[in-house]
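If you're wondering where the values come from, they're calculated on a predicted model, not measured in any experiment.
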Amino acid sequence: MNIKDLYSLLFKGERMSQAKGFIVSIIAVITVFVISAVAGGMLADLAGVWKKPFIGSFAAFCVVLTGYFTAPKYKQTAAAIWLAVGAIAAWYLSNTSPYPEDKPTLIPLYATYASGIVALVICMLWHKKRENRGR
């Protein structure tokens with residue numbers, strides 16, 4: 001078996017195409033998470049508002065939407081999975097703070113969850129609208 005045969009075996013066909021699509025989607029979501037968190041922090045700083053809730057909310061919104069739009073198939077499921085992954089990550093990150101002056105509060109966590117849920121609802125409505133238009 002040569003390299004061409006191996007490539008053909010691994011990267012041809014619908015299943016592998018979907019797998020590659022989901023890998024690209026995962027990379028896109030992680031990239032958007034990092035960029036949106038940094039951008040959210042910069043925007044919050046510019047606006048002079050409390051950074052933690054703004055960063056989390058902005059990142060959650062962007063992650064769920066990116067998960068939906070970049071998924072090659074099962075878009076609604078992908079968005080819901082990214083919401084769950086983000087919720088777990090937000091919970092974990094909310095418990096760790098390098099700053100001793102940060103008082104324990106759940107406001108940033110709740111803001112992050114609410115933003116992710118709003119993004120998921122938008123994805124579901126968008127999907128339903130597109131399905132109805134296709135009929």
Side-chain angles (χ1 to χ4, degrees):
M1 180 179 274
N2 61 25
I3 300 278
K4 268 187 172 177
D5 293 336
L6 183 61
Y7 176 82
S8 182
L9 179 68
L10 292 175
F11 297 108
K12 299 289 183 189
E14 186 178 337
R15 283 185 143 169
M16 188 47 70
S17 177
Q18 285 180 19
K20 286 192 302 186
F22 277 111
I23 290 169
V24 169
S25 179
I26 290 167
I27 292 168
V29 168
I30 292 169
T31 303
V32 165
F33 168 72
V34 171
I35 292 170
S36 64
V38 171
M42 292 166 66
L43 288 172
D45 198 33
L46 187 65
V49 296
W50 188 19
K51 286 184 184 181
K52 276 189 171 184
F54 194 80
I55 291 170
S57 298
F58 190 60
F61 193 83
C62 292
V63 161
V64 172
L65 289 179
T66 303
Y68 176 82
F69 286 112
T70 61
K73 205 170 183 182
Y74 310 110
K75 292 180 175 291
Q76 293 174 308
T77 304
I81 288 170
W82 280 114
L83 175 64
V85 168
I88 293 166
W91 175 79
Y92 176 76
L93 291 172
S94 72
N95 292 328
T96 60
S97 176
Y99 305 108
E101 65 271 9
D102 282 351
K103 304 283 187 260
T105 180
L106 294 175
I107 293 172
L109 183 63
Y110 292 155
T112 301
Y113 287 172
S115 180
I117 291 168
V118 167
L120 184 62
V121 168
I122 289 171
C123 291
M124 298 302 172
L125 292 173
W126 175 273
H127 196 82
K128 188 174 183 177
K129 182 179 177 182
R130 289 193 54 153
E131 278 183 345
N132 289 340
R133 192 172 31 158
R135 290 180 184 177

For His127 and Tyr68 the tightest heavy-atom approach is ND1-OH, 2.8 Å
Treating Ile, Leu, Val, Met, Phe, Trp and Tyr as nodes and any side-chain heavy-atom pair under 4.5 angstrom as an edge, say whether Leu109 and Ile88 lie in one connected cluster. no
Donor-acceptor pairs are to be reported for all side-chain atoms of residues 56-64 against protein atoms at under 3.5 Å, with residues two or more places apart or in another chain.
unit_1 : atom_1 : unit_2 : atom_2 : d
Ser57  : OG     : Pro53  : O      : 2.7
Ser57  : OG     : Ala111 : O      : 3.1

Please report the shortest heavy-atom distance between Ala78 and Gly67, naming the atom on each side. CB-O, 3.8 Å
Out of curiosity, Lys52 NZ to Leu93 CG, how far, rounded to the nearest 0.5 Å? 9.5 Å
For Leu120 and Gln76, work out which heavy atoms get closest and say how close. CD1-O, 4.5 Å
Could you state whether Ile117 and Met124 fall into the same hydrophobic cluster, counting links through intermediate Ile, Leu, Val, Met, Phe, Trp or Tyr residues with side-chain heavy atoms under 4.5 angstrom apart? yes
Closer than 3.5 angstrom, by distance alone: can the side chain of Lys75 be matched with the main-chain N or O of Ala71 as a donor-acceptor pair? yes
Hydrophobic cluster membership, with links at side-chain heavy-atom distances under 4.5 Å among I/L/V/M/F/W/Y: are Val34 and Val85 in one? yes
Beyond-backbone contact of Lys128 with Trp126, side-chain heavy atoms, under 4.5 angstrom: no
What do the steps show when you test Ile26 against Trp82 for side-chain contact (heavy atoms from CB on, under 4.5 Å), and what is the final call? CA-CA 9 Å; Ile26 290 167; Trp82 280 114; 4.0 Å; yes
Of all heavy-atom pairs linking Ala90 and Thr112, the shortest is CB-CG2, 3.9 Å
Can you confirm whether Val24 sits close enough to Thr70 that some side-chain heavy atom of one is under 4.5 Å from a side-chain heavy atom of the other? no
Check Cys123 against Leu65 and note the closest heavy-atom contact, atom names and distance. SG-CD2, 3.6 Å
Would a hydrophobic clustering, with Ile, Leu, Val, Met, Phe, Trp and Tyr connected at side-chain separations under 4.5 Å, put Phe33 with Ile81? yes
Is there a continuous path of hydrophobic side-chain contacts, each under 4.5 Å between heavy atoms, that joins Leu83 to Tyr110? no
Nearest heavy-atom approach of Gln18 to Pro72 is O-CG, 3.7 Å
Has the side chain of Ser25 got a donor or acceptor atom that lies under 3.5 Å from a matching backbone atom of Gly21? no
